[in-house]
Amino acid sequence: MDVLASLTPAQRTAVLHVDGPLLVLAGPGSGKTRVVTHRVAHLLQQGIPARHILALTFTNKAAEEMRQRLARIAPRESVWMGTFHAFCAKTLRIHAAMAGLTENFSIYDTSDSDKALKQAIADVNVNLTGTSPERIRSIISWAKNQLMSPDDFQPRSGNAAGELARRIYPEYQRILVSNNAVDFDDLLMHVAIMLRENPELRGSLDERYRYILVDEYQDTNAAQYAIARALSIDHPNLAATGDPDQSIYGWRGADINNILDFEKDFPHVQVVRLEQNYRSTKNILRVADQLIANNRKRKHKALFTDNPAGEPVRLVAYPSERDEADSIAQQIAAAVRTGKRQARDFAIFYRINALSRQLEQSLRRFNVAYQVVKGVEFYQRKEVKDVLAYLHLLNNPRHDVAFFRIVNTPSRGIGPATLAKVREFALQRGLSMLEASRQIDSLNGRARKALARFLAVYERLSDHLAGSLEELMRKTVWESGYLEYLESSDYEEDVQRVANVQELLTAAGEFDDHHPGDNALERYLENVSLASDTDDFDLESDQVSLMTMHSAKGLEFPVVYVVAAEQGLLPHERSRHDETQLEEERRLMFVALTRAEHELQISYAQKRMFRGEQRHTVPSSFLMELPREEMNVIQPNVGWHEPPWEEKSWDDGDISFDINSFDDDDTPQVKETPATKPAFKLTTAAQMAGGASAVGVSPDQFQTGMLVHHPEYGPGTIASLSGKDKKRTATVQFFSGEEKRFQLSFSPLTPMKAR
DNA sequence: ATTCGCAAAGTTTTT
DNA sequence: CTTTGCGAAT
């Protein structure tokens with residue numbers, strides 16, 4: 001296999017790089033995965049043993065894709081590829097004792113961790129008024145990402161929530177360790193800390209993993225950075241690939257500076273820029289590129305493509321969210337009906353999950369198949385968690401969260417009072433809940449009997465630990481009485497639950513088939529814990545994909561719709577006032593736009609029903625940053641959609657409008673603005689004043705016809721001006737349709753200058 | 001022990 | 001408009 005076949009010079013440079021640090025700045029659609037896999041194949045060809053190579057990704061899906069692609073060009077080579085978390089779990093199993101754990105430790109998912117946290121809050125008896133468990137959780141998470149143990153963590157003085165977290169964190173961590181459990185952050189933190197504090201271990205792992213590849217490096221957090229760094233000292237062959245412009249997880253602790261400072265961190269680094277895009281049309285790429293050019297915190301990249309220009313990107317203003325959803329559904333239905341495209345060619349992206357509902361409704365009405373990524377997840381369902389909790393407790397008898405979950409499920413008459421006594425006993429003796437249940441002798445007859453019944457079930461199941469996973473699970477749902485309990489129910493939802501349990505059993509059987517060998521239970525549970533729901537959504541089936549813009553990363557679709565480009569939603573309200581967060585929102589939109597191969601439509605609704613109330617919207621400020629002269633800007637006729645005939649037409653199932661059909665044979669009921677609008681760029685008053693304060697910008701700068709932006713009402717043009725000096729007043733016609741008057745010396749109006 | 005009802009809150013979520 | 005959690009009521 002020629003690993004260099006059909007590579008561009010830049011790609012070839014990256015693939016041929018062997019020793020020393022390497023930074024691959026890969027723009028969207030630049031063939032990054034291909035480069036990475038070919039580079040691994042090349043390393044192998046150079047005689048480097050597979051065991052010395054480590055490829056770290058952020059998602060199981062990315063790891064799986066890499067694995068498959070490598071299998072094609074270098075079959076029979078087993079390079080370890082997986083997520084950071086899976087790698088840390090594997091490492092931590094071997095060195096569990098160093099973190100006070102045993103090899104069979106459990107990985108707590110978010111809900112397990114929440115329960116442990118609640119317990120911790122109750123234990124230290126603090127008053128959370130003025131803050132929330134979520135806040136505490138995020139502070140603790142932050143501390144762990146910074147590799148601060150409970151002893152190290154010192155909040156800034158005067159930070160009330162931080163002070164509470166300082167008191168809760170030690171108890172939370174004590175619970176985790178005594179449960180022989182870790183949360184997601186711990187997986188990284190434990191490994192990072194043991195690498196930091198144990199030079200011998202660090203050296204031996206560095207020696208073992210001589211060639212490390214980290215994908216999506218722009219999304220690494222401090223702990224992941226520390227791990228990658230620690231393993232690249234004696235063998236500094238760290239290859240980072242990523243794109244600063246696609247860093248969208250800053251709010252989760254990812255530090256974009258890791259990639260921006262890579263060249264400082266690793267001297268003599270070879271930097272390769274992959275700037276040619278093989279995915280999108282020229283028009284799409286140009287729009288995305290111009291948007292992201294507004295970010296300050298980035299490394300310059302000159303994106304280009306040899307692909308055709310394609311259709312202009314559409315920017316559509318719909319009267320309402322319903323019009324938006326219906327129009328999109330109608331467009332898709334028409335394209336599918338005429339055979340022009342398949343449903344799977346389409347994706348719809350939104351900023352928040354709550355926006356999927358309207359789109360789903362419309363797609364259903366137009367009979368378009370779709371899948372949503374991802375609301376309620378399989379492994380989060382009650383019945384699935386219940387069954388898995390039995391297995392968790394069998395694998396790790398100290399898993400108290402699992403114990404509490406199943407001890408009375410199905411109900412055996414073990415109530416809160418009994419459990420409180422058991423926990424008290426457990427705390428005094430330093431026992432797990434399970435062990436305390438065995439030893440406690442101070443319970444009344446009834447409670448004692450009930451608890452004994454549960455313990456008997458547990459002991460019986462323990463006998464099957466040596467068998468196959470499926471057999472163990474089957475015994476579990478049977479012996480525990482859980483399946484019986486579900487089947488005896490008349491509720492419709494319990495029928496579905498039985499089916500889900502069956503599905504779980506089937507999956508267990510498949511796991512047995514694919515993972516023969518020892519420790520099936522432990523490996524299965526780890527797999528489940530580290531699985532995510534975006535992993536298994538189905539790109540193959542013929543359905544339209546609906547997802548948040550975050551979930552869209554790494555994917556591509558022939559036709560993409562980005563909806564609800566409105567202030568408050570995109571950028572999101574809580575990011576609006578912070579420049580750093582605003583840039584992240586812009587990157588998020590950049591990611592969304594660059595998913596599109598052939599067609600891209602960006603839209604907003606002029607009014608939107610949100611949280612039960614009808615609101616006027618303001619178009620996203622990002623829309624002002626797009627090259628409108630090259631786009632197809634579409635404004636619907638105001639008022640055409642008003643009742644009564646709107647309602648009526650739906651009842652007939654007769655689609656009586658076609659707000660933006662682009663087929664020539666249809667008559668669009670919208671007026672299309674020809675591409676004559678000048679491009680304009682948002683310029684703040686401060687910039688116009690040469691960096692000085694915005695206050696005192698002369699009202700003289702405003703002229704009739706000028707494009708202006710208002711933080712509340714959005715963009716518009718000055719219809720007329722009157723008055724003098726301080727009283728000079730502008731009447732502004734906003735794009736949202738509203739007209740307002742402002743005294744220029746007091747209003748937050750910003751001029752936008754034509755370019 | 002389950003069910004009901006009301007109040008409160010409501011980003012994004014690779015693991 | 002929704003979902004969720006807690007306390008009261010059966």
Side-chain angles (χ1 to χ4, degrees), chain A residues 56-65 82-89 107-114 118 132-134 137-138 141 144-145 182-189 215-221 223-224 242 246-254 321 349-358 361 373-377 379-380 408-417 450 489 491 526-535 537 547-555 564 568-576 581 584-585 587-589 591-592 608-615:
Chain A
L56 297 170
T57 63
F58 279 78
T59 61
N60 298 307
K61 192 190 247 164
E64 187 49 38
E65 187 183 349
T83 63
F84 260 102
H85 288 81
F87 170 72
C88 288
I107 300 169
Y108 275 10
D109 68 15
T110 312
S111 74
D112 297 332
S113 306
D114 275 341
K118 270 190 185 153
S132 62
E134 291 69 42
R137 142 181 284 298
S138 85
S141 176
K144 287 185 172 185
N145 284 164
V182 298
D183 63 19
F184 288 135
D185 296 320
D186 282 342
L187 281 171
L188 303 175
M189 180 182 75
D215 196 22
E216 306 281 13
Y217 193 78
Q218 76 280 356
D219 286 326
T220 49
N221 64 26
Q224 289 161 331
Q246 294 183 60
S247 166
I248 55 176
Y249 285 100
W251 51 274
R252 256 178 107 249
E321 80 282 3
F349 302 149
Y350 33 81
R351 179 61 232 270
I352 61 173
N353 277 315
L355 293 175
S356 74
R357 184 172 309 273
Q358 182 70 55
Q361 274 178 21
V373 185
K374 187 86 183 233
V376 185
E377 311 88 337
Y379 289 112
Q380 299 299 327
N408 199 35
T409 309
S411 62
R412 303 179 172 95
I414 303 167
S489 164
Y491 288 106
E526 177 169 315
N527 248 283
V528 169
S529 301
L530 297 179
S532 81
D533 309 289
T534 44
D535 288 343
F537 101 97
M547 68 188 84
T548 64
M549 298 164 82
H550 282 88
S551 310
K553 193 158 83 167
L555 303 176
L569 283 170
L570 177 68
H572 191 272
E573 178 63 31
R574 282 147 91 147
S575 305
R576 194 136 62 100
Q581 292 183 58
E584 182 155 311
E585 296 281 309
R587 290 194 293 268
L588 187 56
M589 183 155 179
V591 167
R608 179 175 299 276
M609 190 74 136
F610 193 63
R611 290 193 193 163
E613 56 177 329
Q614 192 71 242
R615 290 192 201 171

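To find a chain, count down the sequence lines: A is the first, B the second, and so on, and within it residues start at 1.
Going from atom NE2 of A:His85 over to atom CZ of A:Phe58 covers 9.0 Å, rounded to the nearest 0.5 Å.
With C1' as the reference atom, B:dT12 and C:dG5 are 23 Å apart, rounded to whole Å. As rounded to the nearest Å, C:dC6 and B:dT11 have C1' atoms that lie 25 Å from one another.
If you measure from atom CG of A:Asn221 to atom P of B:dT14, you get 15 Å, rounded to the nearest angstrom. Regarding A:Arg576, its CZ atom lies at a distance of 18 Å from the P atom of B:dT12, rounded to whole Å. A straight line from CE of A:Met547 to P of B:dT13 spans 11 Å, rounded to a whole angstrom. Rounded to whole Å, atom P of B:dT12 lies 13 Å from atom CD of A:Glu134. For the pair A:Asn145 CG and B:dT13 C1', the interatomic distance rounds to 13 Å; values are reported in whole Å. The separation between A:Lys61 atom NZ and B:dT13 atom P is 13 Å, rounded to whole Å. Summarising the geometry, the separation between CD on A:Glu321 and C1' on C:dC1 is reported as 11 Å, rounded to the nearest angstrom. If you take CZ of A:Phe349 and P of B:dT13, they are 13 Å apart, rounded to a whole angstrom.
Taking the ring centroids of A:Trp251 and A:His572, they lie at or beyond the 6.0 Å cut-off.
A 4.5 Å side-chain heavy-atom check between A:Val182 and A:Met189 finds every atom pair outside the cut-off. Annotation: side chain of A:Arg576 is in contact with side chain of A:Glu573 (closest heavy-atom distance under 4.5 Å). Between A:Thr220 and A:Phe84, the closest side-chain pair of non-hydrogen atoms falls below 4.5 Å. Taking 4.5 Å as the limit, some side-chain heavy atom of A:Gln358 sits within range of a side-chain heavy atom of A:Glu321.
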Pairs: protein N or O with nucleotides 1-5 of chain B N or O, under 3.5 Å:
| from | atom 1 | to | atom 2 | distance (Å) |
| --- | --- | --- | --- | --- |
| B:dT3 | OP1 | A:Tyr491 | OH | 2.5 |

Enumerate all atom pairs, one protein N or O and one N or O from nucleotides 2-8 of chain C, separated by less than 3.5 Å.
| from | atom 1 | to | atom 2 | distance (Å) |
| --- | --- | --- | --- | --- |
| C:dT3 | OP1 | A:Arg357 | NH2 | 3.2 |

Where do N or O atoms of nucleotides 8-11 of chain B meet protein N or O atoms at under 3.5 Å, pair by pair?
| from | atom 1 | to | atom 2 | distance (Å) |
| --- | --- | --- | --- | --- |
| B:dT11 | O4' | A:His572 | NE2 | 3.1 |
| B:dT11 | O2 | A:Arg351 | NH1 | 3.2 |
| B:dT11 | O2 | A:Arg351 | NH2 | 2.5 |

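Contacts of A:Tyr249 with the nucleic acid, taken as non-hydrogen atoms under 4.0 Å apart, include base atoms. A:Asp185 comes within 4.0 angstrom of no nucleic acid atom, judged by non-hydrogen atoms across all strands.
The backbone N or O of A:Lys553 sits nowhere less than 3.5 Å from a side-chain atom of A:Gln246 that would complete a donor-acceptor pair. Looking only at distances, a side-chain donor or acceptor of A:Asn408 sits under 3.5 Å from a matching main-chain atom of A:Gly413.
If you check the side chains of A:Thr548 and A:Ser551, you find a donor sitting under 3.5 Å from an acceptor.
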Using the salt bridge (Lys or Arg N to Asp or Glu O under 4.0 Å) rule, take A:Glu585 and A:Arg587 through it: C-alpha gap first, then chi angles, then the decisive distance, then the call. CA-CA 5 Å; A:Glu585 296 281 309; A:Arg587 290 194 293 268; over 6 Å; no

Go through A:Asp219 and A:Arg252 one step at a time and tell me if the salt bridge (Lys or Arg N to Asp or Glu O under 4.0 Å) criterion holds. CA-CA 9 Å; A:Asp219 286 326; A:Arg252 256 178 107 249; over 6 Å; no

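The only option from A:Thr57, A:Leu188, A:Leu56 that meets the side-chain contact (heavy atoms from CB on, under 4.5 Å) definition with A:Phe87 turns out to be A:Leu56.
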